[in-house]
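Numbering starts at 1 and runs along the sequence shown.
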Amino acid sequence: MKTPFDVKELPLSKLEALGIYHDQQLLLSPSQVQALLAGRRTDLISLHEIKGADFLIERLDARLSLRRQDSGEVELFIHPIYKQPRVHPLLNHQETQELISGKRSFIGKAVEQEEGRSTMVNIEYDPLTKDFVSYDVSKVQAPDRVNGMLLSEEEKSTFRRGEVLELEDGTRLRHRAIALNGILSDRKALVLSVLLDGGISYLLLRGIAALQENAQQLDHRTPAFNQALSEMEGARKLRHRTEDIPARQTEPAMRKISR
C-alpha cells in the first residue's frame, strides 16, 4: 500500500546518530520500518549514547516518527516517555482526562485553516509516552478492501474518522494512530488491499491489537480472509517470484539501504 514516506527518504544520518543505522543496515524490524513510512510511531526503542552539543544520554526509551516539513524535508522525531501527561492545546481539562482514563479513544476537533476552511483533527492519547497524537482525518488512508470485501465510500469515511467499522462477515476494525500498524480489530490478522492503476496492492497485517484491551479476539481464518490471502500470494508470485509476505511480516530483520 502507498505510504506518505519512501524508504529512500529516511534521514539516515540521524538514524545513524541514534545507533539504529550502521554499515548500510537499518537495525529495525520490518513492522517498525512500515510504521515509520506510514507516518505512525514505532514501538518503544531503546536508544543508547545519544550525543548532543553539550549532553550525553546513556539510554533513552522512546518511540520514533517521521514528519514532512513545509520545505519537503523529512524530519525524524523522538517521543520519549514523560513523567506526567503532556498538555494538548486543543483539549480542555475534561477532554484530557477522558482520553487519559480511556473513557474515550479519540476526540475530534474542527481546526480552522486559511480562507475560512476547517479541517477535522483527531486527537489520541499515547499511554506509552504519556503524550497526545493528533492527525488530519482527511489524510488517513482507508483500504479499498478488507479480506477481499469492498468498502463503500461511507465505510471508508467511518474508518478515517476512527469509528468502529463492521463488515458483512462480522469483522470489526477501526483506525488507531498510536497502534503500530494503525488498526485495532476483533481479529488478529487482516488482508488489506488498495486498487491502483496497475492492479491491486495487498498488505497482510498480523498481530493486530484488540478493539478493547485484553478482549478475546475471533479466529481470523475466515473464508474471506483465506481467499484474500490466496489472491495476495498469487499476485506476489506473479510479480516477484520471491518469498511470501507472511514470513517477512512476522520475522524481525535488518534492512539494507544504500545511501
Side-chain angles (χ1 to χ4, degrees), residues 1 3 29-32 34-35 38-44 63 98-108 120 122-128 132-135 137 139-195 200-233 244-252:
M1 295 176 68
T3 57
S29 69
S31 60
Q32 303 277 41
Q34 181 63 32
R40 296 188 295 271
R41 297 184 176 191
T42 65
D43 278 334
L44 285 176
R63 304 180 80 171
E98 288 177 342
L99 286 176
I100 292 175
S101 67
K103 184 177 180 179
R104 299 173 69 176
S105 57
F106 71 92
I107 291 177
M120 181 58 67
N122 276 2
I123 305 168
E124 299 178 9
Y125 178 67
D126 185 349
L128 287 178
F132 294 90
V133 178
S134 58
Y135 58 93
V137 171
K139 294 182 180 180
V140 174
Q141 182 183 18
D144 288 309
R145 297 178 184 269
V146 177
N147 290 351
M149 291 172 280
L150 184 66
L151 302 188
S152 67
E153 289 303 317
E154 182 179 352
E155 288 173 325
K156 290 181 183 180
S157 180
T158 297
F159 180 84
R160 294 188 187 98
R161 294 195 304 268
E163 299 173 4
V164 175
L165 172 63
E166 182 167 349
L167 305 180
E168 57 190 53
D169 70 341
T171 297
R172 301 171 72 236
L173 66 147
R174 74 186 312 169
H175 174 261
R176 182 75 161 155
I178 65 171
L180 184 64
N181 49 34
I183 286 181
L184 301 180
S185 177
D186 60 355
R187 304 184 193 272
K188 291 184 178 180
L190 297 169
V191 176
L192 309 184
S193 54
V194 175
L195 304 179
I200 302 176
S201 174
Y202 294 93
L203 177 64
L204 170 63
L205 296 182
R206 290 187 180 274
I208 301 173
L211 287 169
Q212 296 180 344
E213 189 174 359
N214 299 322
Q216 185 175 0
Q217 291 171 290
L218 303 173
D219 186 0
H220 66 274
R221 296 181 295 270
T222 65
F225 173 87
N226 292 336
Q227 178 63 29
L229 182 62
S230 177
E231 292 176 359
M232 180 192 72
E233 292 176 339
D244 59 20
I245 290 179
R248 293 194 2 212
Q249 287 288 331
T250 58
E251 297 177 5

> side-chain contact (heavy atoms from CB on, under 4.5 Å) between Gln217 and Leu211: does it pass, once the steps are laid out?
Replying inline: CA-CA 9 Å; Gln217 291 171 290; Leu211 287 169; over 6 Å; no

>> Show, in sequence, the C-alpha distance, side-chain angles and deciding distance for Phe132 and Ile100, and conclude whether the side-chain contact (heavy atoms from CB on, under 4.5 Å) test is met.
In response: CA-CA 9 Å; Phe132 294 90; Ile100 292 175; 4.2 Å; yes

>> Pair Ile183, Arg176 - check side-chain contact (heavy atoms from CB on, under 4.5 Å), show working.
In response: CA-CA 5 Å; Ile183 286 181; Arg176 182 75 161 155; over 6 Å; no

> Step by step, would you call Val194 with Gln141 a side-chain contact (heavy atoms from CB on, under 4.5 Å)?
Replying inline: CA-CA 10 Å; Val194 175; Gln141 182 183 18; 3.9 Å; yes

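Minimum interatomic distance between Tyr202 and Ala228 (heavy atoms only, all atoms of both residues): CE2-O, 4.3 Å. Across every non-hydrogen atom of Gln34 and Arg40, the tightest pair is O-NH2, 4.4 Å. Listed here is the closest heavy atom pair of Ala215 and Ala210: O-CB, 3.7 Å. Between Ser105 and Leu99, the shortest heavy-atom contact is C-CD2, 3.9 Å. Listed here is the closest heavy atom pair of Ile208 and Ser185: CG2-N, 3.6 Å. Between Ala177 and His175, the shortest heavy-atom contact is N-CE1, 3.7 Å.
From Thr171, atom OG1 reaches atom NE2 of His220 across 11.0 Å, with rounding to the nearest 0.5 Å. Distance check, rounded to the nearest 0.5 Å: CE of Met120 to CZ of Arg160 gives 14.0 Å. Here the CG-CG distance, from Leu190 to Leu229, works out to 11.5 Å after rounding to the nearest 0.5 Å. Considering CG of Leu204 and CZ of Phe225, their distance stands at 5.5 Å, rounded to 0.5 Å. From Arg172, atom CZ reaches atom CG of Leu165 across 10.0 Å, with rounding to the nearest 0.5 Å. Annotation: the span from Phe159 atom CZ to Leu173 atom CG amounts to 6.0 Å, rounded to 0.5 Å.
Partners of Lys156 according to the side chain to side chain donor-acceptor pair (under 3.5 Å) rule, which considers only residues two or more places apart in sequence or in another chain, are Asp144. A search for side chain to side chain donor-acceptor pair (under 3.5 Å) contacts involving Arg41 returns His79, Asp126, Thr129, Asp131, not counting sequence neighbours. Partners of Asn226 under the side chain to side chain donor-acceptor pair (under 3.5 Å) rule, at least two apart in sequence or in another chain, do not exist in this structure. Residues satisfying the salt bridge (Lys or Arg N to Asp or Glu O under 4.0 Å) criterion with Arg145, sequence neighbours excluded, are absent altogether. Partners of Ser157 according to the side chain to side chain donor-acceptor pair (under 3.5 Å) rule, which considers only residues two or more places apart in sequence or in another chain, are Arg161.
Side-chain contact between Leu184 and Val164 is absent, with no heavy-atom pair separated by less than 4.5 Å. Contact annotation: the side chain of Val146 approaches that of Leu167 to within less than 4.5 Å [non-hydrogen atoms, C-beta and beyond]. Side-chain contact between Pro127 and Ile178 is present, with heavy atoms from C-beta onward closer than 4.5 Å.
Looking only at distances, no side-chain donor or acceptor of Arg174 sits under 3.5 Å from a matching main-chain atom of Glu163. In terms of modelled atom types and a separation under 3.5 Å, the side chain of Glu155 and the main chain of Ser152 share a donor-acceptor contact. Side-chain atoms of Asp219 come within 3.5 Å of backbone atoms of Arg221 as a donor-acceptor pair (strictly under, hydrogens ignored).
Counting heavy atoms of neighbouring residues, nucleotides and ligands inside a 6.0 Å radius, atom CD of Glu166 exceeds 12 of them.
For residues 181-195, no pair satisfies salt bridge (charged side-chain N to carboxylate O under 4.0 Å, His left out), with sequence neighbours left out.
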